[in-house]
Participant: 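What follows is a structure written as structure tokens; I'll ask about it next.
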Amino acid sequence: MLLIIAFLLFPALWTVYLGLTDYQLTGFAAANPQVVGLDNYDRALSDDRFSNSLVLTLQFVLGSAVLGQAVLGFAIAWLMRNRVGALRRTVEALVLLAWILPSSVITFLWIALLDRDGGTLNALLNTPGTAWLLEYPMASIIVFNIWKGAAFSMMLYAAALGNVPPSHLETARLAGAGTFQQLRDVVFPRIKGHVLTNLLLISLWTFNDFTPFLLTAGGPENRTEIMPVFIYRIALESGELGFGAAISVLMLLINLVIALVYMRLLRQRKEASA
């Protein structure tokens, strides 16, 4: 309880308090902050940069987590479900390696991959001079995050598929069901809870992910300035800790809305199966 209070509860309450003040990183307001009420929240909700960062964050979550990591993770788990031996161990090791490597290391690798002049991707595609991080910044960080985070979805779905009786799939196959029909009628009804749990976790993680800053620093021209990056720029680069704290509280509320939507879907599923 002491650890929870020290590292979770107190920082959360302190952030809420800072959001109600004009607290600055330096200067007079750093020594004598004044309570400004909801002015920071009004400013945030009327700020075009805040709206832009929210839209970019939702795009990032939808493309990277919901459509990217969840689909790729399931595809790998499905293809490897009946594999044994070196092939399965190698694939799983490579996917896990992308997840466990330090963010600074994998960012350096992706910068080398996407480099305009000597990048590996341009060499493979024969597209010399293409500046991927400048011309396709959002697509770049989405693909980067899919590659980095698909391991969790793969492991969760692999465990879920292990609970699907092989005899059910074999019966469906003998009845003439194709792969899509097996997934629709046999697999997904049994792992729906796992799917929703996975989507909840990876959506929240992706929404709060700061790693893309290492790749693009929010640029070019704020085109990858997702909310964690926007808060960092406001609070630390601009020194407006009070305003940054208010945006952090708004971000927390958005996270709660996302969590409540998924929890409601999980509860409806449990009530339907009862």
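Here the structure is a predicted model, which is why all the values come from computation and not from measurement.
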Participant: So, taking the atom named OG1 in Thr206 and the one named CG in Asn145, what distance separates them when rounded to the nearest 0.5 Å?
Facilitator: 5.0 Å
Participant: Check the hydrophobic clustering (I, L, V, M, F, W, Y; side-chain heavy atoms under 4.5 Å; chains of links allowed) and say if Met80 and Leu161 are grouped together.
Facilitator: yes
Participant: Classify the ring geometry of Trp14 against Tyr17: parallel below 30°, tilted from 30° to 60°, perpendicular beyond 60°.
Facilitator: tilted
Participant: Calculate, to the nearest 0.5 Å, the distance between atoms CG and CG belonging to Leu204 and Leu199 respectively.
Facilitator: 10.5 Å
Participant: Just checking Arg83: does its CZ atom have more than 12 heavy atoms from other residues, nucleotides or ligands closer to it than 6.0 angstrom?
Facilitator: no
Participant: Show the atom names and distances, to 0.1 Å, of all donor-acceptor pairs under 3.5 Å that link a side chain in residues 122-134 to residues at least two apart or in another chain.
Facilitator:
unit_1 : atom_1 : unit_2 : atom_2 : d
Asn122 : OD1    : Thr127 : OG1    : 2.8
Asn122 : OD1    : Trp132 : NE1    : 2.8
Asn122 : ND2    : Asp115 : O      : 3.2
Asn122 : ND2    : Arg116 : O      : 3.2
Asn122 : ND2    : Thr130 : O      : 3.0
Thr130 : OG1    : Thr127 : O      : 3.1

Participant: Do side-chain atoms of Arg81 reach the backbone of Trp78 as a donor and acceptor pair under 3.5 angstrom?
Facilitator: yes
Participant: For the CZ atom on Phe108, are there more than 12 heavy atoms of other groups (residues, nucleotides or ligands in this structure) within a distance under 6.0 Å?
Facilitator: no
Participant: Taking only residues at least two apart or on different chains, which pairs with a member in residues 157-182 satisfy salt bridge (Lys or Arg N to Asp or Glu O under 4.0 Å)?
Facilitator: Glu170-Arg173
Participant: Rounded to the nearest 0.5 Å, what separates atom OG in Ser51 from atom CG in Leu45?
Facilitator: 8.0 Å
Participant: Please tell me whether Tyr23 and Phe28 are part of a single hydrophobic cluster in this structure, the criterion being side-chain heavy atoms less than 4.5 Å apart.
Facilitator: no
Participant: When the aromatic ring centroids of Phe50 and Phe243 are compared, is their separation below 6.0 Å?
Facilitator: no
Participant: Nearest 0.5 Å, what's the CD-CD1 distance between Glu240 and Ile247?
Facilitator: 8.5 Å
Participant: Start with the C-alpha gap between Asn255 and Asn208, add the side-chain angles, then the distance that decides, and say whether side chain to side chain donor-acceptor pair (under 3.5 Å) holds.
Facilitator: CA-CA 9 Å; Asn255 276 283; Asn208 297 279; 3.0 Å; yes
Participant: What is the distance from atom CZ of Arg49 to atom CZ of Phe230, rounded to the nearest 0.5 Å?
Facilitator: 5.0 Å
Participant: For the hydrophobic clusters of this structure (ILVMFWY residues joined by side-chain heavy atoms under 4.5 Å, transitively), does one cluster hold both Trp99 and Leu94?
Facilitator: no
Participant: Would you say Arg223's side chain and Leu56's backbone share a donor-acceptor pair under 3.5 angstrom?
Facilitator: no
